[in-house]
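A quick write-up on the structure given underneath.
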Amino acid sequence: MSLSKINIGKLFLATALAMLILGLLLGVLASQTYIFANFMKVHNGLALLRPMHVSSVMIWILLGATGCIYSSLSSITNITTTKNIAIVQWIFWIVAIIGIFYSYLNRNFGGREYWEFNPVWSLPIAVAWLLFIYNFLKIVLKIKNWPVYFWMWLTGICFFMFTFIENYLWVLPYFRENFITDTTIQWKVNGSLVGSWNQILYGTAFYLMDRIKKSESTGRSRLAFAMYFLGLFNLMFNWGHHIYILPTEPYIRYIGYAVSMTEWVFFIKIIHDWRKSVPHSISKKKYFTYKYLMAADFWVFLNLGQALMMSIPAFNLYTHGTHVTVAHAMGTTIGINTMILLAACFEFSGWQSKISSKTQRILKASFWSIQVMLFVFWLSLNIAGIQKGIWQMSEHQTTFNVMMRSIKPLLTVFAISGFGLAIAVLMTVSLLFIKMISVKMDKTKILEI
Amino acid sequence: MQRNNLFVFTCLCMLFLFYSFTIYLQPLYTPSIPNINITKASEGRLVWQKYNCQACHQLYGLGGYLGPDLTNIYSKKGNGEILIRAMINSGTLQMPIFKIPERELLPLLEFLKMTDASGTSDPRNYRQEINGLINHK
C-alpha cells in the first residue's frame with residue numbers, strides 16, 4: 001500500500017482497538033488472581049498481568065485519542081497534515097509497545113505505578129507525542145476562532161507531555177530521596193494524566209455532538225467554554241484529593257478539596273441540553289454513536305456522584321486505598337473513556353449506515369450487555385471497597401487475610417462480570433476492528449488526511 | 001473571544017507552573033528524617049520498583065490490592081525487619097517467594113524504614129472535622 005492511501009486516523013484507531021482487545025484478555029486473566037490466588041502466585045501472576053493489562057488499556061486510550069484527533073481534524077479542515085511525520089509517530093508507538101511487552105515478559109520492571117516497564121521504553125512514547133504536537137499545531141494554528149474542542153485537544157496534548165515528563169522526575173535522586181515530595185508528585189502525575197486524556201476525549205465528544213447535529217452550536221457556546229475552563233482548573237489543581245492522608249503541606253489538601261467540589265457540573269448540563277436538541281431522526285441514523293455517547297453520559301453521572309463523595313476528606317478516609325478507588329478508575333476508564341472512543345470509532349469507521357439488520361442485532365445485544373455487566377462489575381467493587389473501608393476503620397481489626405476472605409464472594413462476582421464484560425466488548429470491538437482495517441477509503445474527504 | 005480565551009488559558013498555565021514548582025522545591029525546606037540513610041533508602045525505592053512490589057502492595061494507599069499496605073510495616077506490632085525478611089524469603093499463602101539478594105534487601109529495608117518514619121497511613125489515626133476535613137489525632 002502506498003503511503004498516500006494510508007488513512008492516518010483509521011491507522012491509529014485500528015491499532016488502539018487491537019490494544020483494547022489485548023487489554024481485555026489480560027484483564028480477565030489478571031482478575032483470576034483474586035479467585036485462584038494460590039495457583040497464580042506460582043508464576044507471580046499479578047505482578048506480571050496487572051501492568052500488562054494497565055499498559056494495554058492506557059495505550060488504547062492514548063492511541064484512540066490520537067486517532068480521534070487526526071480523523072476529526074481531517075474532517076473539519078482541508079489542511080493536510082504531514083503524513084510522513086504521522087507515520088513515523090505511529091512507528092514510534094509500535095516500537096514502544098513491542099519494547100514495553102518485551103520488558104514485561106522478561107520481568108524487567110523498574111517503573112512506577114501504571115508505567116512499570118523499564119523506563120527506557122518511555123522515550124519512543126515521548127518522541128511520538130512530540131511529533132503529534134508538531135502535526136497538531138501545524139494544522140490548528142492556521143485556523144482562527146477555535147471551537148471549544150480545539151482548546152480541549154490543545155490542552156490535553158500539551159498537558160500529557162508535561163505530565164509524562166513529570167512522571168519521570170523520580171529518576172533524579174533529588175526527588176527520589178524525599179519520599180513525601182516524591183509521592184506527592186506521583187499522585188499529581190496520576191491525577192493530571194487522566195485529566196489530560198479526558199480533555200482530548202471530551203473534546204472529541206463535543207465534536208461528535210456538533211457533527212451529528214451538523215451545526216457548531218455545542219462547540220461554540222459560552223457554557224461549553226465555561227465548562228472547559230472549569231475542567232482545565234480541575235486538571236491542574238484537584239489531584240490533591242488523592243493524598244489527604246499523606247503528611248505533605250496542608251495547603252495542597254485544602255486546594256484539592258476546594259477545587260474538587262467544583263468538578264463536572266457543567267459537563268452533565270451540556271450533554272443533557274444536547275440530548276434534548278438532537279432530532280429523533282438524526283439519533284436513528286447515527287444510532288451507535290448516539291447510544292455510546294448517551295452511555296458515557298450515564299457513566300459520567302454515576303462516577304461524578306462517586307468522585308464528589310470521594311473528594312470529601314471525611315469520606316475519603318473510608319475509601320482511600322480500597323476497591324472503591326478501583327471501581328472509580330474502572331468506571332471512568334470503561335464507562336466514560338471507552339464509551340466515547342467507541343462512539344468515535346463507529347462515527348469515523350464510516351460503517352454505521354451500512355450495517356445489516358443481523359449485525360445490528362448483535363451490536364445492540366453487545367451494547368446492552370456491556371452496560372449491565374459494567375454496572376455489576378462496578379457495584380461489586382464498590383461493595384467490596386466499602387467492606388474494606390469499614391475494616392480499616394475498625395478499632396478491633398482482624399488480620400488482612402481474614403478481611404480478604406470475607407470479600408472473596410464479591411471479588412468472584414467482579415471477576416465473573418469482568419469476563420462477561422470482556423466478551424460483550426469483544427463482540428463489538430472485533431467487528432469494528434475488522435471494518436476499520438477492511439473498509440475502503442471513502443471518496444469523500446471525510447476521513448482523508 | 002479567542003483573545004480572552006488565550007488570556008485565561010495563559011493565566012491558568014502560569015498559576016499551574018508556579019504551583020508545580022512550589023512542590024518541586026519542597027525537599028529544600030523539608031527537614032530530613034533522623035536515623036535514615038537517605039541514599040540507601042532511595043536505592044531501596046528502586047528495588048521496590050524492580051520487583052514490582054506495587055502490583056500487590058500499597059504505600060499511603062497507592063498500589064495494588066492483593067496484599068496489605070506496607071507504609072508502616074516496619075514498626076507494626078509483631079512485624080518489623082525479621083518478619084519482612086521471612087515474608088520475602090519464604091512467601092505467604094498468596095505471596096510468592098522472592099529471592100532478593102542481601103545487597104538489594106538492605107536498601108529495601110531502609111526504604112521501608114523511611115516510609116514508616118515519614119508518617120502513618122492508618123486512617124484510624126485521623127479525626128474527622130465538621131467541615132469534612134480530617135486532622136491527625
Side-chain angles (χ1 to χ4, degrees), chain A residues 33-34 37-38 41-42 44 46-47 50-51 109-113 116 144-146 151 166 169 173-188 225 229 232-233 236-237 243-247 249 252-253 257 312-314 316-318 320-321 323 325-326 392-393 395 400-401, chain B residues 1-2 5 8-9 12-13 15-16 19-20 22-24 26-27 30 32-33 38-39 41-42 45-46 49-56 58-69 91-96 98 111 114-115 118-126 128-129 132-134 136:
Chain A
T33 45
Y34 288 100
N38 293 355
K41 89 164 188 181
V42 178
N44 194 6
L46 193 70
R50 185 177 187 253
F109 302 112
R112 286 276 170 95
E113 175 88 359
E116 284 102 332
K144 287 180 180 170
N145 198 17
W146 291 0
W151 286 96
E166 200 179 30
L169 286 181
Y174 167 81
F175 290 101
R176 206 170 59 238
E177 286 175 1
N178 192 299
F179 177 70
I180 297 299
T181 304
D182 191 14
T183 310
T184 305
I185 292 172
Q186 205 184 339
W187 276 112
K188 178 177 186 288
F225 275 96
F229 281 119
L232 178 60
F233 185 53
M236 291 170 165
F237 304 108
I243 53 167
Y244 288 138
I245 62 164
L246 190 73
E249 295 295 322
I252 294 174
R253 296 199 289 272
Y257 182 24
I312 300 169
N316 185 277
L317 213 50
Y318 283 88
H320 183 68
H323 301 79
T325 318
V326 192
Q392 67 186 18
M393 289 296 277
E395 280 304 321
F400 183 82
N401 274 338
Chain B
M1 191 171 172
Q2 181 95 337
N5 290 338
V8 179
F9 180 79
L12 280 173
C13 287
L15 208 61
F16 174 71
Y19 189 45
S20 299
T22 311
I23 293 162
Y24 302 157
Q26 269 183 12
T30 310
S32 56
I33 305 167
I38 295 294
T39 314
S42 154
R45 173 116 211 190
L46 297 179
Q49 288 169 212
K50 182 182 172 185
Y51 289 92
N52 202 15
C53 304
Q54 62 217 343
C56 299
Q58 302 176 339
L59 294 172
Y60 283 108
L62 177 63
Y65 296 82
L66 202 59
D69 187 303
T92 65
L93 192 65
Q94 298 185 349
M95 182 171 153
F98 284 90
F111 170 63
M114 179 173 75
T115 63
S118 69
T120 171
S121 69
D122 188 341
R124 291 173 299 177
N125 292 323
Y126 292 84
Q128 291 139 314
E129 307 291 348
L133 284 166
I134 54 170
H136 202 276

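Order of the sequence lines sets the chain letters (A, B, ...), proteins ahead of strands, with each chain counted from 1.
- Other residues, nucleotides and ligands contribute at most 12 non-hydrogen atoms within 6.0 Å of the OH atom of Tyr318(A).
- When each of Asn316(A), Thr184(A), Thr325(A), Val326(A) is checked for heavy-atom pairs under 4.5 Å with chain B, Val326(A) comes out on top.
- Note that OG1 of Thr30(B) is 6.5 Å distant from CD of Glu249(A), once rounded to the nearest 0.5 Å.
- How far NE2 of His320(A) is from CD1 of Ile134(B): 9.0 Å, rounded to the nearest 0.5 Å.
- In this structure, CG on Leu66(B) lies 7.0 Å from CZ on Phe400(A), to the nearest 0.5 angstrom.
- With respect to chain B, the highest number of heavy-atom pairs below 4.5 Å among His323(A), Arg253(A), Arg176(A), Gln392(A) belongs to Arg176(A).
- Minimum heavy-atom separation, Gly119(B) to Pro247(A): CA-CG, 4.2 Å.
- With hydrogens and angles disregarded, a donor-acceptor distance shorter than 3.5 Å links the side chain of Tyr174(A) to the backbone of Tyr24(B).
- Taking the six-membered ring wherever Trp is involved, the centroid distance between the rings of Phe237(A) and Tyr19(B) falls below 6.0 Å.
- The CG atom of Leu62(B) sits 4.5 Å away from the CD atom of Glu113(A) when rounded to the nearest 0.5 Å.
- Only the side chain of Arg45(B) comes within contact range of chain A, with at least one heavy atom under 4.5 Å from a heavy atom of that chain.
- What you find for Ser20(B) and Lys188(A) is that their closest heavy atoms are OG-NZ, 2.9 Å.
- Between chain B and the residues Pro51(A), Gly111(A), Pro173(A), the most heavy-atom pairs under 4.5 angstrom are made by Gly111(A).
- Both the backbone and the side chain of Leu246(A) come within less than 4.5 Å of a heavy atom of chain B.
- Residues Gln128(B) and Leu317(A) have side chains in contact (heavy-atom distance under 4.5 Å, counting atoms from C-beta outward).
- Minimum interatomic distance between Phe225(A) and Asn5(B) (heavy atoms only, all atoms of both residues): CE2-ND2, 3.2 Å.
- Once rounded to the nearest 0.5 Å, the distance linking CD1 of Ile38(B) with CD of Glu177(A) reads 7.0 Å.
- Gln54(B) touches chain A through backbone and side chain together, each having a heavy atom under 4.5 Å away.
- No hydrogens or angles considered: a donor-acceptor pair under 3.5 Å links the side chains of Arg112(A) and Gln49(B).
- Heavy-atom pairs under 4.5 Å with chain B peak, among Thr183(A), Ile243(A), Ile252(A), at Ile252(A).
- Annotation for Ala47(A) and Ala55(B): closest pair CA-CB, 3.6 Å, computed over non-hydrogen atoms.
- Both the backbone and the side chain of Tyr244(A) come within less than 4.5 Å of a heavy atom in chain B.
- In this structure, Met393(A) and Pro123(B) approach most closely via the heavy-atom pair SD-CB, 3.4 Å.
- With rounding to the nearest 0.5 angstrom, the CZ atom of Phe9(B) is 8.0 Å from the CZ atom of Phe229(A).
- If you measure heavy-atom distances from Ile245(A) to chain B, the contacts under 4.5 Å come from both the backbone and the side chain.
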